[in-house]
Number of protein chains: 2
Amino acid sequence: MTDVAKRAGVSATTVSRVINHYGYLSQKTIDKVHKAMEELNYQPNSMARSLQGKDTQLIGLIFPTVSHPFFGELASKMETKLFEKGYKTILCDSANNKEKERDYLKMLAANKVDGIIAGAHNLGIPEYENVGLPIISFDRHLAEGIPIVSSDSYQGGRLATEQLYQRGGRKIAILTGTNESDSPTNKRLEGYLSVLKEHQLEPMVYHFPLEHSPFLKATEIRQILSKEDIDSIFCTDDLTAILVLNKAQELGINIPGDLKVIGYDGTEFIQNYFPQLSTILQPIDQFVDLLIDLLMKRINNADVELDSLYQLPVRFMQGQTS
Amino acid sequence: MTDVAKRAGVSATTVSRVINHYGYLSQKTIDKVHKAMEELNYQPNSMARSLQGKDTQLIGLIFPTVSHPFFGELASKMETKLFEKGYKTILCDSANNKEKERDYLKMLAANKVDGIIAGAHNLGIPEYENVGLPIISFDRHLAEGIPIVSSDSYQGGRLATEQLYQRGGRKIAILTGTNESDSPTNKRLEGYLSVLKEHQLEPMVYHFPLEHSPFLKATEIRQILSKEDIDSIFCTDDLTAILVLNKAQELGINIPGDLKVIGYDGTEFIQNYFPQLSTILQPIDQFVDLLIDLLMKRINNADVELDSLYQLPVRFMQGQTS
DNA sequence: AAATATATGATAAACGATTGACATATTGGT
DNA sequence: ACCAATATGTCAATCGTTTATCATATATTT
């Protein structure tokens with residue numbers, strides 16, 4: 001900063017005034033200082049700034065893994081929008097690893113990020129109770145007072161199941177992740193169950209622990225497809241639906257004739273590269289907007305009253321698999 | 001820190017000595033201090049630490065977008081490995097936006113990251129010439145003195161093309177990104193051309209600008225497939241190969257009977273969810289290890305001599321599309 | 001018992017900014 | 001020509017650590 005001041009022929013205080021827009025300043029001085037900053041390729045040291053209590057302009061993003069297209073897309077869009085607002089993104093792949101998530105939480109606190117958006121899948125992390133940072137959660141209950149943004153999973157579950165029923169499905173199975181009772185995602189299962197009950201059909205629920213490899217999942221799916229008497233499957237995520245399609249093809253099962261499949265996610269990726277898949281679309285762009293808006297509110301005023309749950313509507317997307 | 005010192009009944013100096021492991025310390029004191037730190041949930045303020053010249057333990061990751069499975073996987077693995085080494089990852093989706101990439105470069109410098117790994121697709125960013133930070137590049141020439149890690153794209157191009165030839169392909173087309181002469185990726189095209197020349201076949205080169213949407217690409221592919229006389233296609237990335245498969249199916253083209261397709265990337269994602277695709281596998285895990293190892297070398301010693309190009313071998317993966 | 005090694009404390013400067021207090025100079029309006 | 005508004009400078013404290021220096025106290029050797 002001293003160098004900039006010298007080069008611009010002003011005092012360090014004036015440079016600071018220019019950077020932080022306060023006090024009286026002539027346009028001439030402002031220009032001089034900006035010119036000097038450019039010439040010296042000067043960037044204020046953000047460590048020093050935030051030591052003074054300035055915001056770090058850093059946001060922590062905690063997701064299971066960006067190698068999953070859904071979270072990759074979510075993270076990418078979050079990052080893009082945050083960048084437009086002048087924030088940088090610290091990426092944390094919790095990788096279904098509770099310890100890692102806890103460590104990250106500590107690190108983020110130490111790095112004094114301005115806020116956190118967390119959408120990981122680990123349960124029972126008490127640190128969330130008192131991080132003392134603005135947090136918004138995606139699709140998961142973290143702690144009292146942390147708002148949750150999710151899609152209307154119950155309706156989504158109902159929607160998918162009803163579609164399968166309407167198309168003639170009577171032996172409708174569901175493939176879903178591990179049972180996590182307090183997760184909004186689990187509502188997809190509840191939606192499924194409610195529809196089956198209305199039609200007095202027998203539920204067929206298959207749980208796949210998240211940590212299972214796709215290969216293992218595929219093997220189990222193959223078993224199910226070849227042994228069980230099923231005419232429709234609701235997969236609570238699109239990738240699992242793809243595994244079902246692959247295995248069905250291997251087994252010579254006709255889709256949608258012998259088996260109807262509906263997925264759930266709504267990524268652009270699937271729409272671009274798997275347009276044939278019938279699926280439940282979540283409003284990813286709206287997730288991003290809402291998550292960031294809520295976080296900004298919390299950042300600007302730690303005490304704003306926010307709802308504890310924001311549920312966005314989902315849509316059914318007719319493909320050729322149902 | 002003062003609180004910790006008080007609670008442990010020692011001086012602030014001693015706490016600092018414990019944290020930074022220097023000077024004489026009794027085990028008793030070390031334990032006391034650690035206990036106090038835990039009890040108070042104390043994390044040293046990393047801003048203050050790095051003001052003192054300590055490393056920030058932050059690494060910037062610049063990729064086109066993590067919504068693409070290849071970069072999502074790469075980013076995820078990088079993040080995981082960096083975390084194990086005690087680093088946090090700042091994610092930068094350059095989004096094929098040159099301005100954004102330049103801005104990010106500035107921000108990273110201001111945030112005093114310890115190093116950068118850049119694998120974006122923008123050309124002509126002079127800032128790379130003098131960031132004054134350890135940088136390693138993935139698959140792209142950034143500036144003099146910045147080592148590049150990539151796969152052996154020329155061999156990959158040859159490999160794919162030769163496979164198509166061996167399987168009987170004589171009208172072999174290539175679908176590739178925009179012509180970027182200084183990119184290692186472009187070597188895939190050169191490998192293709194060299195094989196065609198050896199067999200005295202006519203090259204058929206189709207360029208798809210990166211910024212084109214998958215939908216637009218798909219439309220163009222459909223045109224090509226329906227109008228041109230082609231029996232084999234080498235796609236320089238797997239997602240484009242998937243579009244070809246989709247459009248071929250729509251048009252009733254038999255794969256691999258009427259048309260053979262080979263992709264290029266090597267993500268676990270494709271192997272898990274598109275196992276039928278024949279493709280060229282890049283060693284992503286080795287990319288990650290090498291990129292990080294090289295970066296660590298540069299961080300620990302800014303002047304180490306590094307090669308300007310590290311080329312890792314690729315493998316052909318036989319699927320059912322060729 | 002003296003010499004040395006080990007353990008801790010007190011103090012202060014430094015990292016690179018921000019900001020308030022105060023002083024001084026210039027400008028503009030009347 | 002005078003007052004207020006505007007423009008800039010000097011100085012010093014502060015943010016939360018790190019680290020060097022000096023001092024002192026206890027423990028271990030010889």
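The sequence lines fix the lettering, A, B, ..., with proteins before strands; numbering per chain opens at 1.
- The CG-C1' distance, from B/Asp55 to D/dT17, rounds to 15 Å in whole Å.
- Atom OH of B/Tyr24 is separated from atom P of D/dT28 by 14 Å (rounded to the nearest Å).
- Atom-to-atom, NZ of B/Lys112 to C1' of D/dT17 comes out at 18 Å; the value is rounded to the nearest Å.
- What separates NE2 of B/His21 from P of D/dT19 is a distance of 12 Å, to the nearest Å.
- Salt bridge absent: B/Glu305 and B/Lys297 never bring a charged side-chain N and a carboxylate O closer than 4.0 Å.
- By the 30° and 60° cut-offs, the orientation of the rings of A/Phe138 relative to A/Phe63 is perpendicular.
- Of the N and O atoms on the side chains of B/Arg49 and B/Asn20, at least one donor lies less than 3.5 Å from an acceptor on the other residue.
- For B/Ser50, no side-chain nitrogen or oxygen approaches OP1 or OP2 of D/dT17 to under 4.0 Å.
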Q) Quick one: what's the B/S/- string for nucleotides 10-27 of chain C, heavy-atom cutoff under 4.0 Å, read 5' to 3'? A) BB--BBBBBB--------
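- Checking side-chain atoms of A/Asn97 against main-chain N and O of A/Lys100 turns up a donor-acceptor pair under 3.5 Å.
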Q. Given A/Asp93 and B/Phe83, is the side chain to side chain contact (heavy atoms under 4.5 Å, CB included) satisfied, shown in steps?
A. CA-CA 9 Å; A/Asp93 270 27; B/Phe83 180 82; over 6 Å; no
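- Atom CG in B/Asp3 sits about 15 Å away from atom C1' in D/dC15, given to the nearest Å.
- If you measure from atom CD of A/Gln27 to atom P of D/dT6, you get 15 Å, rounded to the nearest angstrom.
- At a threshold of 4.0 Å, the pair B/Glu101-B/Lys106 does not count as salt-bridged, since none of the basic side-chain nitrogens sits closer than that to a carboxylate oxygen.
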